[in-house]
Amino acid sequence: MAGSTGWTEPATAGHTAAGDAWGRGSGQTPSEFLENPSQSSRLTAPFRKHVRPKKQHEIRRLGELVKKLSDLTGCTQVVDVGSGQGHLSRFMSLGLGLMVKSIEGDQRLVERAQRLDQELLQALEKEEKRNPQVVQTGPRHSPHHVVRWVDPMALCEELLLPLENSPQSGARLLLTGLHACGDLSVALLRHFCCCPEVAALASVGCCYMKLSDAGGYPLSQWVAGLPGYELPYRLREGACHALEEYAERLQKAGPGLRTHCYRAALETVIRHARPELRRPGVQGIPRVHELKIEEYVQRGLQRVGLDPQLPLNLAALRAHQAQENRVVAFFSLALLLAPLVETLILLDRLLYLQEQGFHAELLPIFSPELSPRNLVLVATKRPLGEAFSVLETEDS
């Protein structure tokens with residue numbers, strides 16, 4: 001579909017395309033975790049430290065794709081936006097030799113990322129001393145971390161500035177974001193489109209429910225012209241859930257499914273107490289299945305800033321609890337729409353890029369069992385042709 005104006009039948013985001021590549025629904029484990037389910041055999045020990053298996057898989061696959069894309073497009077610098085603790089940036093810079101700037105809005109995360117950078121550098125130096133056969137071919141460059149909040153609706157000049165040790169003239173940038181939340185993924189697309197120094201993009205989106213109505217969706221004229229294109233919060237939030245993980249929970253039929261009923265009951269109490277407060281985020285309440293429904297509601301009220309001692313209608317709460325199976329059935333039906341909703345959101349982004357004359361593809365690079373948001377939106381300003389398929393393949 002890259003750069004084309006005709007329509008081809010799209011793969012369902014995170015599902016059909018990924019199913020072909022990874023055996024979706026078969027419970028197939030990626031080969032890198034066959035020997036040890038918590039340690040990727042494709043990463044050396046220093047790069048696995050402090051990194052969960054899911055993230056190990058993601059940084060390796062996306063990092064390798066970014067390296068190939070950088071080489072194909074002649075980019076001199078990678079900008080990792082929403083870099084968090086810097087796991088992807090570290091792998092790209094210290095593992096793959098790329099020049100990387102990491103942009104993150106949370107000062108605490110940046111400080112931790114810098115500590116982990118130093119820890120990794122020390123580990124790599126020790127590894128070289130223990131194994132003289134390991135040859136470092138050039139100087140190592142840690143990621144350059146910047147604390148900066150990226151406004152989705154405004155140009156971020158810091159994002160475009162070249163690093164001191166990179167070419168100051170003719171800089172070519174590659175923007176990437178691993179599960180950049182909500183409008184942050186949209187900001188990457190806008191910077192790619194309007195900034196001539198940005199030559200390539202590799203974006204993995206997430207948290208669709210946080211997309212703003214002011215420009216997060218729709219982006220493309222094509223989707224904006226569809227009747228009924230609107231996606232209310234409930235649909236966007238549902239698109240963020242993992243079908244594979246939930247199917248496993250349904251098969252086990254464990255008490256953890258009770259959470260849905262409890263959360264629905266909490267919502268009725270919240271709306272009665274404060275009608276304008278709808279669907280507030282509730283921080284995780286541990287061991288929900290061991291709580292009485294009124295205990296859960298009290299803890300939930302406290303987490304959303306309401307009085308946990310509000311008088312509760314226990315009879316009504318018990319009646320809600322009796323509907324547990326129906327709530328689970330409703331949630332399951334809603335979840336079946338998740339692939340369709342995510343497909344619409346991601347195709348809207350792809351079409352937005354194509355409408356402006358750029359070349360774009362959606363590629364399934366993660367195992368959906370490990371990382372349900374498994375499609376990366378890749379875009380370039382010059383045609384890559386068949387090289388797009390090379391980006392999707394695993395390194396040997």
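Being a predicted model, the structure only gives us computed values, none of them experimental. In what follows, every heavy atom counts, from backbone to side chain, and hydrogens, waters and symmetry copies are set aside.
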Residues Glu119 and His50: side-chain donor-acceptor under 3.5 angstrom: yes

More than 12 heavy atoms from other groups under 6.0 Å of CD on Glu197: yes

Other residues, nucleotides, ligands: >12 heavy atoms within 6.0 Å of Glu276 CD: yes

Closest contact, heavy atoms only, Leu65 versus Leu391: CD1-O, 3.6 Å

Salt bridge (charged side-chain N to carboxylate O under 4.0 Å, His left out) between Arg60 and Glu58, intermediate numbers included: CA-CA 5 Å; Arg60 181 185 68 82; Glu58 292 168 346; over 6 Å; no

Donor + acceptor pair across side chains of Asp183, Ser212 (<3.5 Å): yes

Non-hydrogen atoms of Gly216 and Leu211 that approach each other most closely: O-CD2, 3.9 Å

CG-OG1 distance between Leu98 and Thr76, expressed to the nearest 0.5 angstrom: 10.5 Å

Over-ring placement of Lys381 relative to Phe192, 6.0 Å and 45° cut-offs: yes

Side-chain donor-acceptor contact under 3.5 Å, Arg48 with Gln39: yes

Gap between atom SG of Cys261 and atom CD1 of Ile293 - 0.5 Å precision: 5.5 Å

Between Asp80 and Thr176: side-chain donor-acceptor atoms closer than 3.5 Å: no

Among His144, His145, Glu158, side-chain hydrogen bond (donor to acceptor under 3.5 Å, both in side chains) partner for Lys101: Glu158

Gln118-Gln122 side chain donor-acceptor pair, cut-off 3.5 Å: no

same_hphob_cluster(Leu159, Leu161) at 4.5 Å side-chain heavy-atom cutoff: no

Arg90 and His87: side chain donor to acceptor below 3.5 Å: yes

Heavy-atom closest contact (Leu243 atom, Pro339 atom, distance): CD1-CG, 3.5 Å

Derivation and outcome, side-chain contact (heavy atoms from CB on, under 4.5 Å), residues Thr380 and Phe388: CA-CA 10 Å; Thr380 62; Phe388 265 113; 4.2 Å; yes

Distance-only polar pair, side chains of Gln56 and Ser40, donor-acceptor under 3.5 Å: no

Modelled atom types, side-chain donor and acceptor of Glu32 and Ser41, under 3.5 Å: no

Residues that Arg326 engages under side chain to side chain donor-acceptor pair (under 3.5 Å), provided they are two or more places apart: Gln323

Donor on one side chain, acceptor on other, His272 and Asn313, under 3.5 Å: no

Under-4.0 Å salt bridge between Arg263 and Glu267: yes

Glu237 and Tyr208: side chain donor to acceptor below 3.5 Å: no

Centroid separation Tyr296 to His289 less than 6.0 Å: no

Within the 6.0 Å centroid threshold, strictly below: His241 and Phe331: yes

Gln77 side-chain N/O to Leu163 backbone N/O, donor-acceptor pair under 3.5 Å: yes

Glu35 atom CD, neighbour heavy-atom count above 12 within 6.0 Å: no

Residues Glu369, Lys54; criterion salt bridge (charged side-chain N to carboxylate O under 4.0 Å, His left out); working and verdict: CA-CA 9 Å; Glu369 283 76 21; Lys54 174 180 180 291; over 6 Å; no

Residue pair Glu295, Arg299: steps toward the salt bridge (charged side-chain N to carboxylate O under 4.0 Å, His left out) verdict: CA-CA 6 Å; Glu295 294 173 333; Arg299 296 187 187 186; 5.6 Å; no

Lys292, NZ: over 12 other non-hydrogen atoms inside 6.0 angstrom: no

Path from Leu375 to Leu370 over hydrophobic side-chain contacts below 4.5 Å: no

Minimum heavy-atom distance Phe366-Arg373, with the two atoms named: CD1-O, 3.6 Å

Within one Ile-Leu-Val-Met-Phe-Trp-Tyr cluster: Leu43 and Phe33, side-chain cutoff 4.5 Å: no

Asp348-Ser220 side chain donor-acceptor pair, cut-off 3.5 Å: yes

Val51 with Leu109, same ILVMFWY side-chain cluster at under 4.5 Å: no

Working for side-chain contact (heavy atoms from CB on, under 4.5 Å), residues Leu257 and Tyr246: CA-CA 9 Å; Leu257 293 172; Tyr246 195 71; 3.7 Å; yes

ILVMFWY cluster, Tyr262 and Ile285 together (side-chain gap under 4.5 Å): yes

From CE (Met209) to CG (Leu231), nearest 0.5 Å: 14.0 Å

Audit row: Val376, Leu62, side-chain contact (heavy atoms from CB on, under 4.5 Å) steps and yes/no: CA-CA 8 Å; Val376 56; Leu62 182 57; 4.1 Å; yes

Spacing of NE2 belonging to His141 relative to CG belonging to Asp117, to within rounding of 0.5 Å: 13.5 Å

